Amino acid sequence: MQKGEKVFVAGHRGLVGSAIVRRLDSEGLGPIVTRTRAELDLTDRLAVDRFFADEKPAYVFLAAAKVGGILANDTYPADFIRDNLLIQTHVIDAAHKSGVKKLVFLGSSCIYPKLAQQPIKEEYLLTGALEPTNDAYAVAKIAGIQMCKAYHKQFGMRAISLMPTNLYGPNDNFDLQKSHVLPALMRKFHEAKAAGQPSVVVWGSGSPRREFLHVDDLADACVHLMRTYESPELVNVGVGDDVTIRELAETIRDVVGFRGDLTWDTSKPDGTPRKLLDVSRLHGLGWKAKIGLRQGVEQTYAWYLANVAGK
Ligand code: GDP
């Protein structure tokens, strides 16, 4: 990927896509091509084909997806499987037909079996039953990985699949019902502090363990692997370390400066007990995460204060 080569970032307004655009910009890569949903509906096959035939990007980061937290996935599984299958099928196929040099497909750590051995190695894919709260989304993402492999095998397409762990950072979704745990808790603590509330409700038991990667780290890994990785075998992208939801909640409470208590709502699901990625393959490819959780939460809270709170 050289300066002057056209790069299409699908999903550039989202958490991941916006971080990839920032990362490309920081090195002057591009021209970067983007389209809003109103300009290009990625679930519309003909529109996607036309876009690729006209623009002919050299590189594609496929960061457009319908994503959400545990409750959204559990409540709207049809939306998650339909939209993701359509978006990825259209983009990968059109990228192939228009002759892109390389495509990065982004999946998720929820593609792995619910009770996978920890830390989770790439080869555990398709070795057990999925976590039921997000199996529709996971099956769509698994189909995307297989599609990249199949296009590589049949057509020689250079399409690589990266599986990020739980992500957070600027442009995350802070909706209390639909978002993931980290932005949800940031907003809950912020609003509770502002309103002088005595406590904040946190879902589940607090005991599940999750790994959190700052999206700027992910974007850096995406660019590194776009440049250096060729195999259709997937690569986990994580930090190699996890925390309990209780520890996460306490870190965010500290950063936000809320002095009250945590109350646990155990009527809400815990989801999978642990989801820690094995990152040896990634480290072997010469990349390591740099942003620690505390530092990343502080940076994200500063962004939240400047861009979301009170708006
Ligand atoms: P998951 O990693 O797919 O399970 O997705 P989430 O990020 O939505 O949830 C991670 C864990 O955090 C689950 O055990 C949730 O029950 C727990 N959790 C605690 N409080 C919240 C909250 O306010 N919102 C969300 N989304 N999850 C929460």
Side-chain angles (χ1 to χ4, degrees), residues 14-16 65-77 79-81 84 106-116 118-120 129-142 163-169 172-193 197 199-215 218 236-239 241-253 256 258 260-277 293 296-297 300-301 304 308:
L15 173 68
V16 174
K66 180 169 183 64
V67 298
I70 192 165
L71 196 62
N73 269 281
D74 206 23
T75 315
Y76 308 107
D79 295 350
F80 280 87
I81 193 163
N84 286 306
L106 286 153
S108 154
S109 58
C110 70
I111 57 159
Y112 292 111
K114 175 183 170 85
L115 300 176
Q118 307 284 322
I120 309 170
L130 296 164
E131 156 60 36
T133 53
N134 56 25
D135 56 358
Y137 174 80
V139 165
K141 288 293 180 184
I142 294 169
M163 298 304 120
T165 189
N166 295 35
L167 300 168
Y168 68 98
D172 208 341
N173 174 3
F174 289 86
D175 179 288
L176 292 181
Q177 294 304 311
K178 295 188 187 142
S179 72
H180 286 100
V181 59
L182 194 151
L185 292 184
M186 187 170 283
R187 176 167 166 190
K188 284 184 191 175
F189 286 126
H190 175 80
E191 292 180 352
K193 180 184 167 191
Q197 284 165 14
S199 68
V200 156
V201 176
V202 188
W203 298 352
S205 64
S207 60
R209 302 186 70 90
R210 294 287 185 276
E211 178 185 15
F212 296 94
L213 178 72
H214 193 284
V215 74
L218 173 72
N236 289 338
V237 184
V239 296
D241 209 2
D242 61 0
V243 291
T244 63
I245 295 299
R246 177 184 295 277
E247 287 162 343
L248 173 76
E250 285 165 356
T251 302
I252 302 173
R253 175 172 63 180
V256 171
F258 172 69
D261 298 322
L262 309 179
T263 329
W264 298 93
D265 175 3
T266 49
S267 72
K268 291 285 196 305
D270 266 347
T272 196
R274 193 172 187 203
K275 212 167 26 169
L276 174 65
L277 294 179
L293 181 60
V297 169
T300 305
Y301 187 52
Y304 176 86
V308 179

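These numbers come from a predicted model, not from an experiment. We count ligands from 1, going down the list as the structure has it; atoms in each ligand are counted the same way.
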For ligand 1, which atoms, with element, lie under 4.0 Å from some heavy atom of Asn166? 2 (O)
Region of Leu182 that comes within reach of ligand 1 [heavy atoms, distance under 4.0 Å]: neither
Could you tell me whether some N/O pair between Gly271 and ligand 1 is separated by less than 3.5 angstrom? no
Which atoms of ligand 1 sit under 4.0 Å from any heavy atom of Ser179? 26 (N)
Ligand-side contact atoms (ligand 1) for residue partner Gly69, heavy atom cut-off under 4.0 Å: 8 (O)
Counting heavy atoms under 4.0 Å, the part of Pro269 that contacts ligand 1 is backbone
Which of the numbered atoms in ligand 1 are below 4.0 angstrom from a heavy atom of Ala184? 22 (C), 23 (O), 24 (N)
Using a plain distance cutoff, I'd like to know if Pro208 has any nitrogen or oxygen under 3.5 Å from a nitrogen or oxygen of ligand 1. no
Under-4.0 Å heavy-atom contact with ligand 1, by part of Arg210 that carries it: side chain
Could you tell me, atom by atom, which parts of ligand 1 come under 4.0 Å of a heavy atom of Lys188? 22 (C), 23 (O)
Have a look at ligand 1 and work out which part of Lys268, if any, has a heavy atom under 4.0 Å from it: side chain, backbone, both or neither. neither
Within a distance under 4.0 Å of any heavy atom of Asn134, pick out the atoms of ligand 1 and give their elements. 3 (O)
Does Lys193 make a cation-pi contact with Phe258 (under 6.0 Å, within 45 degrees of the axis)? no
Is there side-chain contact between Tyr112 and Leu277, with heavy atoms separated by less than 4.5 Å? yes
For the side chain of Asn73 and the backbone of Gly68, is there at least one donor-acceptor N/O pair under 3.5 Å apart? yes
Are any of the N or O atoms of Ile70 closer than 3.5 Å to those of ligand 1? yes
Would you tell me which option among Phe212, Tyr137, Trp203, Trp264 has the nearest heavy-atom contact to atom 19 (C) of ligand 1? Trp203
Can you list the ligand 1 atoms lying under 4.0 Å from a non-hydrogen atom of Lys275? 1 (P), 2 (O), 3 (O)
What verdict does the salt bridge (charged side-chain N to carboxylate O under 4.0 Å, His left out) test give for Asp242 and Arg209, after you've listed the backbone C-alpha separation in whole Å, the side-chain angles of each residue and the deciding distance to 0.1 Å? CA-CA 6 Å; Asp242 61 0; Arg209 302 186 70 90; 3.2 Å; yes
